[in-house]
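Chain identifiers are assigned alphabetically (A, B, ...) following the order of the sequence lines, protein sequences preceding nucleic acid strands; residue numbering begins at 1 within each chain. Only this structure's heavy atoms are used, side chains among them; waters, hydrogens and symmetry mates stay out. This is a predicted model, so every value here is computed, not measured.
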Number of protein chains: 2
Amino acid sequence: MQTNNNIYPAGLYSFQDECLSLLTGVLNVSKAVTYLVDNQRKPICYKTWQLQPAMHRQYMDTFYRVDPLHPTQFVEQTDATVVKMNDLVNSQERYNHPYYRDFISPWGVQDIVEIFLRVDNKLIAGFSLFTSKQQPEMRSEDIRKARQLHQFMQFSLEQSLDAPKHSHFKSFCEQFQLTPKERMVVELVRQGLSNKTIAANLDCSLATVKTHLQHIFCKTGVNSKAEITSQLYNQH
Amino acid sequence: MQTNNNIYPAGLYSFQDECLSLLTGVLNVSKAVTYLVDNQRKPICYKTWQLQPAMHRQYMDTFYRVDPLHPTQFVEQTDATVVKMNDLVNSQERYNHPYYRDFISPWGVQDIVEIFLRVDNKLIAGFSLFTSKQQPEMRSEDIRKARQLHQFMQFSLEQSLDAPKHSHFKSFCEQFQLTPKERMVVELVRQGLSNKTIAANLDCSLATVKTHLQHIFCKTGVNSKAEITSQLYNQH
DNA sequence: CAGGGTATCAACCAGAAGGTTGATAAAGGA
DNA sequence: TCCTTTATCAACCTTCTGGTTGATACCCTG
């Protein structure tokens, strides 16, 4: 079942179960499915909740090819976390699209919300939540809750996988548009050096280091060197 | 030889933040507060959400003594996870109880839901969720969702306690034989907090924090809080 | 019961860090 | 060319941190 060089930590499978239970328990959905994503961005390890086996089989045989929410559709958009189908595709397109006309609609589905989990910007798991035509339409309030749940699942995942966070430094610097010299200061601050030592490292005066720090504090909204460090390790 | 079951693993504090965000984001509450629980079952490390500082102060000064949802009330009931105040105490008792009459009611609170997290049957964290008198009453549906959220938080907690991430923190603390309190200080230092904030979190004086730090510096050979942080992340 | 370990707090001091103002100078784009 | 950005430095002040000393109190163990 598992492909070659794709090793998932044992906990990921139960994590998947727990997430599915959480999402279906808290959000008002009629059926749901979850999967992991392999190196080739192919969904594997499906787990379903109140989803007809025949429907799943039909998807696996045919309709995955035209699924607008398929993981391969979100290769570039690494920021796509919670995607609502009816927002992604307008009603006109839906009417003509084989995925809706021949698959989604006949199974009584009104809308689908897709939730993606990533590690290091790499998609590793997804959840499809279905609402039926009998249910009230998904409101922005529900999407907000879904995003909230996503945030916690993502946090939980990073905690348990001990996800590498080396990209934080870069994203931190870019996010606040720090200048090259300021970035150097940030890196030396991260190492726990005193201002005097930083000045020695950069071959400038203590006053200059303090000015750089002042600019960094101002740009980032942080109040101390210690906070910079904790920011670099705790994204949130 | 002292009881070491009071170790707060690295990340527990941000875990607390995330849980608070999750609960207040998904459930319909007006204010909330979370705390960790120490060996003596005393709540520490409070974090509030939309809760008036004056109300919190009033609780800390006086009313914690008569709080029917106080962690010490649930010593035996290791299965108590989600407790609704109005279920626990009937309306007759509520009317005469000083906690309701003089504290809860004047602050416009209708009901409180308490959520407990345990590790090895030992209570380690709690969340108090408040609904206001303006809100509709908590239904069993909401409690069911709260239980669902609890289940996931509990799962996530157990997962992250086993995560390799904690090995640095743990080995650092064990290597230098830091006491439970000192470990807490180390963790709060890691978060980049000032001594004053650490004191507030541990509910002790600034002087005590400085003493703990002095002992930590002495034991570890480190010279500053900033160095502690870099030690925790740079150990290989 | 004495003693070690832990936790608590106060007072004091020197030095580091944070915050502000102001100034100079090189580099690069409008 | 002017103006902005970036990098540099000084002086001044407040607050925070680190380092020290000393003291009280509790718990557990010998």
Side-chain angles (χ1 to χ4, degrees), chain A residues 172-232, chain B residues 1-8 36-45 60 173-232:
Chain A
F172 178 85
C173 294
E174 277 166 8
Q175 182 185 350
F176 299 108
Q177 302 206 5
L178 301 187
T179 68
K181 231 13 179 311
E182 283 163 2
R183 290 173 196 221
M184 280 190 242
V185 172
V186 167
E187 172 52 28
L188 294 171
V189 165
R190 193 197 61 79
Q191 291 173 35
L193 304 184
S194 72
N195 290 350
K196 203 194 282 182
T197 317
I198 293 172
N201 267 280
L202 296 181
D203 194 29
C204 67
S205 82
L206 182 61
T208 306
V209 173
K210 289 168 103 177
T211 307
H212 283 312
L213 277 171
Q214 215 49 48
H215 291 161
I216 292 166
F217 293 153
C218 190
K219 282 182 179 175
T220 61
V222 151
N223 295 304
S224 71
K225 285 167 36 173
E227 252 184 82
I228 292 179
T229 312
S230 81
Q231 283 281 322
L232 288 177
Chain B
M1 75 171 159
Q2 231 335 42
T3 57
N4 306 9
N5 44 356
N6 203 16
I7 300 160
Y8 289 91
L36 301 180
V37 182
D38 74 3
N39 273 341
Q40 286 73 45
R41 289 190 202 82
K42 191 177 150 218
I44 51 171
C45 296
M60 298 299 286
C173 293
E174 278 167 6
Q175 181 185 351
F176 299 110
Q177 302 207 4
L178 301 187
T179 69
K181 235 3 179 318
E182 285 162 1
R183 292 174 195 218
M184 282 192 242
V185 172
V186 166
E187 171 52 24
L188 294 169
V189 165
R190 191 197 61 82
Q191 288 176 51
L193 304 184
S194 72
N195 290 349
K196 202 194 282 182
T197 315
I198 293 173
N201 267 284
L202 296 182
D203 193 31
C204 68
S205 81
L206 183 60
T208 307
V209 173
K210 291 169 96 176
T211 307
H212 284 311
L213 276 171
Q214 217 47 52
H215 292 160
I216 293 165
F217 293 152
C218 188
K219 282 182 180 176
T220 62
V222 151
N223 294 305
S224 72
K225 285 167 36 171
E227 254 184 80
I228 291 179
T229 311
S230 78
Q231 282 281 319
L232 286 177

For this session: Rounded off to whole Å, could you give me the CZ-to-P distance for the A:Phe217 and C:dA17 pair?
Result: 10 Å

For this session: Name the residue closer to the 5' end of DNA chain D, choosing between B:Thr211 and B:Ala226 according to the nucleotide with the nearest heavy atom.
Result: B:Ala226

Exercise. Okay, side chain of A:Lys219, backbone of A:Gln177: is any donor-acceptor separation there less than 3.5 Å?
Worked result: yes

Exercise. So, A:Glu187 versus A:Gln191: side-chain donor-acceptor pair below 3.5 Å or not?
Worked result: yes

For this session: Nearest whole angstrom, please: distance from the P of D:dT8 to the CD of A:Gln214.
Result: 16 Å

Exercise. Hey, can you pull the residues of residues 195-208 of chain A with a non-hydrogen atom under 4.0 angstrom from DNA chain C?
Worked result: A:Asn195, A:Lys196

For this session: Check DNA chain D against residues 178-189 of chain A and give the residues with a non-hydrogen atom under 4.0 Å, in numerical order.
Result: A:Thr179, A:Pro180, A:Lys181

Seminar exercise, completed: dist B:Met184:CE -> B:Ile44:CD1 (nearest 0.5 Å) comes out at 4.5 Å

Problem set entry | Atom-to-atom span, CG of B:Leu193 to P of D:dC16 - whole angstrom | 14 Å

Seminar exercise, completed: In this structure, CZ of B:Arg183 is separated from SG of B:Cys173 (nearest 0.5 Å) by 5.0 Å

Measure all distances between protein nitrogen or oxygen atoms and nitrogen or oxygen atoms of nucleotides 27-30 of chain C, and list the pairs falling under 3.5 Å.
none

Seminar exercise, completed: In numerical order, the residues of residues 218-225 of chain A whose heavy atoms come under 4.0 Å of DNA chain D are none

Exercise. Heavy-atom distance under 4.5 Å between the side chains of A:Lys225 and A:Asn195, does that happen here?
Worked result: yes

For this session: Check the distance between D:dT15's P and A:Lys210's NZ and give it to me in whole angstrom.
Result: 15 Å

Seminar exercise, completed: d(A:Thr208 OG1, A:Ile198 CD1) to nearest 0.5 Å is 12.5 Å

Problem set entry | Test side-chain contact (heavy atoms from CB on, under 4.5 Å) applied to B:Asp203 - qualifying residues, sequence neighbours left out | B:Lys42

Exercise. Using a cut-off of less than 4.0 Å, is there contact between a side-chain N or O of B:His212 and OP1 or OP2 of C:dT8?
Worked result: yes

For this session: Hey, could you give me the OG1/CD distance between B:Thr211 and B:Glu182, rounded to the nearest 0.5 Å?
Result: 10.5 Å

Problem set entry | Residues that A:Gln214 engages under side-chain contact (heavy atoms from CB on, under 4.5 Å), provided they are two or more places apart | A:Phe217

For this session: Could you grab the distance from atom CZ of A:Phe172 to atom OG1 of A:Thr220, nearest 0.5 Å is fine?
Result: 4.5 Å

For this session: Nearest whole angstrom, please: distance from the P of C:dT20 to the CG of A:Leu213.
Result: 14 Å

Exercise. Within a strict 4.5 Å, meaning less than it, do heavy atoms of the A:Leu188 and A:Thr197 side chains meet?
Worked result: no

Seminar exercise, completed: Taken to the nearest whole Å, NE2/B:His215 to P/D:dG19 is 13 Å

Problem set entry | Heavy-atom check, side chain of B:His215 versus side chain of B:Thr179, under 4.5 Å | no

For this session: Quick one: closest heavy-atom pair of B:Gly192 and A:Ser230, and the distance?
Result: N-CB, 4.0 Å

